[in-house]
Amino acid sequence: MVLKVFFPQCCNRADSGLLVGRWLPGRDTAVVLAVIHYPFIPSTVKQYLQQIQGQSQVPVEVLGSWSMPSEKQEGLDSFLRDLSTIFPQTRWLQVSREMGQTGFSCQLLQLPPEKEEEEEDRVIFVHYDQRKVMLSQLHPLESPALPGCEEPSELRQMFWTVAHSEPLFLKDKYDEGPLKLSHWQSEGREASILVELMKLASTPLCLLLAWLLAAWSWVTSTRLLNLSPLRFLSSKLSSCVQLSYRTAHMKTVTSPHTATSHTHFMRKANVLVSLLLDVSLGLLFISWLYREERLARLASALLPAADRVSRELEDLLQWLMGAPAGLKMNRALDQVLGRFFLYHIHLWISYLRLLAPFLEVILWYGGLSAALGLTFALSLLSDMLALLTFHIYCFYVYGARLYCMKLYGLCSLWRLFRGRKWNVLRQRVDSCCYDLDQLFIGTLLFTILLFLLPTTALYYLVFTMLRLMVVALQGVLHLSVDLINSFPLFALSLRVFTPYRLAEGVKFRVLSDEPGTALHLLMEMNALGLGEVVQTYRTPTYSCYPPDSWGALLRKLFVGELVYPWKHKTTKTD
Amino acid sequence: MGPDIAPGPAVPWRKVLWERQPFPDNYVDERFLEELRRNEGIRQYRYWAVVKEAVLVGQQLSCVAIFITLWLYMEQGLLSPEALLWTSLIVGLLGYGLHNALRPQLGSDRKPRTHLADLQSAAIFLSFTFGFSPVLKTLTESVSTDTVYAMSALMLLAHLVSFPYAHPSPTGSLSLNAALFASVCLASRLPGALHTFAMLSCALLMFALWPCLLQSIRDHAPGPSAWLCVGVCLGGVGGLGSRWPGGAVLLALALVSVILLCPLLLVKLQRHKDNIQGPWDEAEIHEDLCKVPY
Amino acid sequence: MGQRRKKADVSASSEKRASEADTAASNPTASNPTASNPNRKHSICMVSDFFYPNMGGVESHIYQLSQCLIEKGHKVVIATHAYGRRKGVRYLTNGLKVYYLPLQVMYNQSTATTCFHSLPLLRCVFVREAVTVVHAHSSFSAMAHDALFHAKTMGLNTVFTDHSLFGFADMSSVLTNKLLTVSLCDTDHIVCVSYTSKENTVLRATLDPQIVSVIPNAVDPTDFTPDPSQRRGGRITVVVISRLVYRKGIDLLGGIIPELCLKHPDLHFLIGGEGPKRIVLEEVREKYQLHDRVRLLGALEHRDVRGVLVQGHIFLNTSLTEAFCMAIVEGASCGLQVVSTRVGGIPEVLPEDLISLCDPTVRSLCAGLEAVITQLRSGAVPSPADIHARVRSLYTWRNVAGRTEKVYDRVAGEEVLPLDRRLLRLRQHCGSVAGSIFAFVAVLNFLFLLLLQWLVPDQVMDRAVDASGPRALWGPSQRDHPAEEAGAGAPTAE
Amino acid sequence: MDNEKYTDINGKAIALNYQRHSSFCTEFTVSSPKVSIGKVMVATCFVWIFAYAVFFFTDNTAVLSSAIIITLIGMMLYIHFVKIDHESLLVIGSLGIQLSSSYASGREHTSFIEMSKIKDIVINEAIYMHQIIYYLCILLRDPADTSAVSSVVPLFQSSKPRLNCLVKVYKSCQEIISKC
């Protein structure tokens, strides 16, 4: 059996006294938290420890004695033994330093004392930095959901012990009292006082915001807004989606009860920071937008742009109705489709004309939304983009449907052509003998469809290209919005400035290996990798679903299924 | 048992595994390979029998030729669609009558189609073809002519390859479809919608109905059917010759080689046949398991 | 994961003993006695594409044979290709070591053969296991042929076991026979599973019949014991267990079922197996509404076969070609009346009174079945126990292993042709064209081997720690708890 | 500290030195040969010859400068992320096992595995590229059931020592683990 003693670095040079700490249950591992110096009254020590135990759920006890070499050495040995009788423990540590040596020497007294064994090199001293260990959070965060897991591992227990015994550390070494302790001293109480004040101030603010949010959510949940068309629309408009997410975020931030678990706290902090960042960016944006007539110019530029797009489309259609790229297509069908789409564009332009006078006002008010945050402005932009390119969407849908039907028909007729049929019950292709007339009509239709396919396919191709452009643009917008929403800025800054706060694990360095003395290790924090930080702490948003692959997208495009930027169907938004 | 042990007492070696025999594992008996048989069950073909079968192939070939001839006539406007329609109508009726006359004798296992059903499908053919013929006419106008020719040639070839020569009564769907596809392609190059209609109905007659009739004739009168085929061949050559002599010559050569030379080759090469059979051969299933689909 | 753990533990436990064998392992030749010694111990490498978790006759043959050889104190390793997640090195019962090499699978579980790409891995196996005899199985397995080729290039003795019959009629068989000629032309000894298969192989590969031994397959009689209590009273059950493919004559079965079912209302069919021809049976079943009398069990695991067999009275085998039909032996061993087609090596397998042979036609099979049915009705058949008692002693794996061992002894004596004579032999033996081509391939292969030897010299490769054979490092201590090995040891591991 | 000759699976010489800090704490360090200047020279030469060839056809000096930058960056990346000089394994009885690998640039990557997570440490066989090699690995215990193995951590991944070296390390590891 090897005895492990976790020893705080700050107590290396403390003068002699009692070791206060904890034996980890089930293991022969001692975590030393502090040293109580002589002189003391045992009863007060016991009572003090009781009180500490009350404040923090850590079962603090007296582990043993700590003797620092000094001039008066006489009779110390017997005195230490007496101590062990004063504080009755099953195991009693006697840690002492000699003048010359760097290492400690340790004795373990087993009580009852007859079976007392002492072997020098069966002891490991692990020196740790009390402050870092207290503040740090060990990763991966253990999930309470995991069942059947035996008691947390040694390191976790040790971290837990140190982290939960702040009350012990609060006692300053300057304030007078019956006991003198030496442990890690938190300096800069003033800062912490400021923090306290802020906390106090934040509570009513949170309450107020929470009340407002409750009101807002009540408004949104009224059934007037939940009629089917509205709901459908809001589920499609990314600004509405963004609004709902922001509401959820605010709810988490302003929840009145304080964050208990580490993850909860981090989540809150991340959301808060990203909110602030978002709003500040939005304000910057506003201050840029509303200066020197940018808005008006934008509005005046927008309409001609839309016009030009339509005109380009018209030219494109004209080109398609001729013999595009030397492809010879069925003239009749070509003319029909071309006319159809031209009529749509005509409709569209008139709609834009109708829209023109109000455009600037819309932009003006839309721009205000940036005050809520840049993300709102961006999602609004993407919505406007969707609305302004509605005609492209229509074209795409028509083309896709036509193409899809044609492909489907061709597939089934090709089976007939080979004298097979699709067996619906067995989900497989069976051989079957058709009648003459079935064969005849099937072949006629097959021929017709086959010869008309290129025309449809070309239209579909062109409009799919346009559609994909729009979708990609929207995808970029959504991506940026998503980034701002979910980026764990707080956690990342923590990782950068105080690496020990987020520890992936620990690493040990061998301090001294003089044969004979105990083994001395130095425990250091192993900082969490940046990638893990982002993965662990990124706020879950709507784009966290598994994306379907590029291959799947291509397949969809080929068979003429519709692709969307907003719902889970698309691959573009991430 | 091992290779090193000398053959034991003079018990005869038996070709069984289930009893331990006093011979080494690699023992080679004189009865080794006694069940090896060469060229067993090879039917000796008689030349004229083979020729008689081969005529069938020739007549299908020349059917295609006749169809092409008709198309050539139509395209050059030498044959009016009405005439073609009337002739095909008459021929069709005659053929139908003959078919009916022959039907009662042949297989009574599945119940014969009623005349109503025939009438119905005929109506379907005509109405659909007539309805679609304008569409079909515009179908390939933008596709270049030689593309269409290539496609139809390919399809006709597919038709010839996949045609079930053994018993063509239910025409193999692939072959029929290929033929129809080709005829649609060709018909769409014709000047008018009526032309298309006429051409398609003619194609139907030739590729869908003629094989059934021929089959039923063969079932009843093998002798005359062979001469009928020969007649078809001659007709094909003659018809093609009237428009395109070179093609006629080619067709004639093809027919001769198919009908006369290939059988000759087959019969001559029989002597050199040498294949080994034995108990290891995979037994092939002789009964037609047609009651089981597959 | 269990797999990996077990393997890891095993290798660990073997490592624990690695120390004492380390010195011995450093010079493998030291432990090889001279060829003259008749009871020398070989170290054999079985190579085939077909091994567990794939199921079939070849697989179980390789497994059982290896087990018996290990029992006789030889060292056996098996090399096959990776099956899905089963890659790397596994240990089966009694330290039978299996290399699942990552080679690309081409067509039903057989790897693609380019006489080269498998050389590096196979060479690694041969060298590190100090293999003396390479034993390839099944002419369908490309990996086996590659292994024969490489082994000759590396100067090892080779044995080949042919499990299948081939015709000479069609084009494909002409090609495959040519390939077989090439790959068997300098194989030291060939093993066939029946006399018919021997004749077939000798003809296909134009071999000297003296180097072809006939060693039948075997079944483990303890696995297939009769249990008449499982039979359902008041009905006669016909059991068919085979892969549902054309070669097994499933079309015949599809013809038989309706005929007999219409005649005998108490006749039931129990069909185990999976395959493309399953549709035929399903369609028959639907067409004649026989859902209650024809049960399709789907793919069976090896341990369930006996449970199915004992439910039946008659075992029906409709194969169109068989080298050695293990299924009928299993059926007879379970005490069933066996009805089978008279094809391939089947007539040699069972004595006439245990099997009734028919021609491969629906009519003849129906007649044979009806005869047996009438016998059953009249009770004029020997009891299952008697049949089992007769069959159990016919084919045992120990016997097979003993005869195979003799083949190894004989082979190990022979000297391996050097390259030049090998090329000459190729030229003489397999015609000028194919001979020259493959001579060229052999030269390339040799050069490739030289390149590999230059890249990774043999002495750099670690000699593997034996798990079986004379220097086995986990002897009886591991032998006696097959339970923990069962995960991988049982034929139906995954 | 023994000076027995060890090689990795490709026959290159590697050095194994292990120092016992105490009876239950040992540190093994496998150090593979340093990055050879010759290789670097060859690589740079190739890049530059290629760059000159391109430059010769397209008189564009940007090619040369970019070539230089590419070589430099490539080398930095190589020594910082790819080339591992030492791999060390610190076994502390009853506390845990610490794996650390130090790159040529001096970057260190360390990870510590607690003893409670470790099920066993074994030598295993695997197919690597076109050979079959032995490697040392730690089996991690599955928290759900202690008999199962959740995953395997291979050791000495960059410098792949041969069996004799692995056996040495393995034995002393087993000794320490069994003792504690």
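Note that this is a predicted model, so its numbers are computed, not measured.
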Choice from C:Ile215, C:Leu320, C:Leu165, C:Ile346 maximising heavy atom contacts with chain B below 4.5 Å | C:Leu320
Heavy-atom proximity to chain B below 4.5 Å, by part of C:Val202 = side chain
Chain B contact via C:Leu350 - which portion, at a heavy-atom distance below 4.5 Å = backbone
Checking C:Val212 against chain B: side chain, backbone, both or neither under 4.5 Å from a heavy atom?
-> backbone
Under a 4.0 Å N-O cut-off, is there an ion pair linking C:Asp162 with C:Lys198?
-> no
State plainly whether the residues C:Glu322 and C:Lys248 are in salt-bridge range, i.e. N to O under 4.0 Å.
-> yes
Quick one: what part of C:Leu203 sits under 4.5 Å from any heavy atom of chain B, side chain, backbone, both or neither?
-> side chain
Of the backbone (N, CA, C, O) and the side chain (C-beta and beyond), which part of C:Tyr246 lies under 4.5 Å from a heavy atom of chain B, both, or neither?
-> side chain
Residue, of C:Val343, C:Val349, C:Thr341, that accumulates the most heavy atom pairs under 4.5 Å with chain B | C:Val349
Most contacts with chain B, counted as non-hydrogen pairs under 4.5 angstrom, among C:Val193, C:Asn200, C:Leu394, C:Val191 | C:Asn200
Determine, for C:Glu282 against C:Arg285, whether the closest basic-nitrogen to carboxylate-oxygen distance falls under 4.0 angstrom.
-> no
Check whether C:Ser393 gets within reach of chain B through its side chain, its backbone, both or neither, counting any heavy atom under 4.5 Å.
-> backbone
Is any side-chain N of the basic residue among C:Lys406 and B:Asp25 closer than 4.0 Å to the acidic one's carboxylate O?
-> no
Heavy-atom pair count under 4.5 Å with chain C, highest-scoring of B:Asp281, B:Leu36, B:Val16 = B:Val16
Salt bridge or not for C:Asp409 and C:Arg40, using N-O below 4.0 Å?
-> no
Is B:Lys15 paired with C:Glu199 through a side-chain N to carboxylate O contact shorter than 4.0 Å?
-> yes
If you look only at pairs with a residue in residues 194-216 of chain C, which of them pass as a ring-ring contact (aromatic ring centres under 6.0 Å, His included), with sequence neighbours excluded?
-> B:Trp13-C:Tyr195
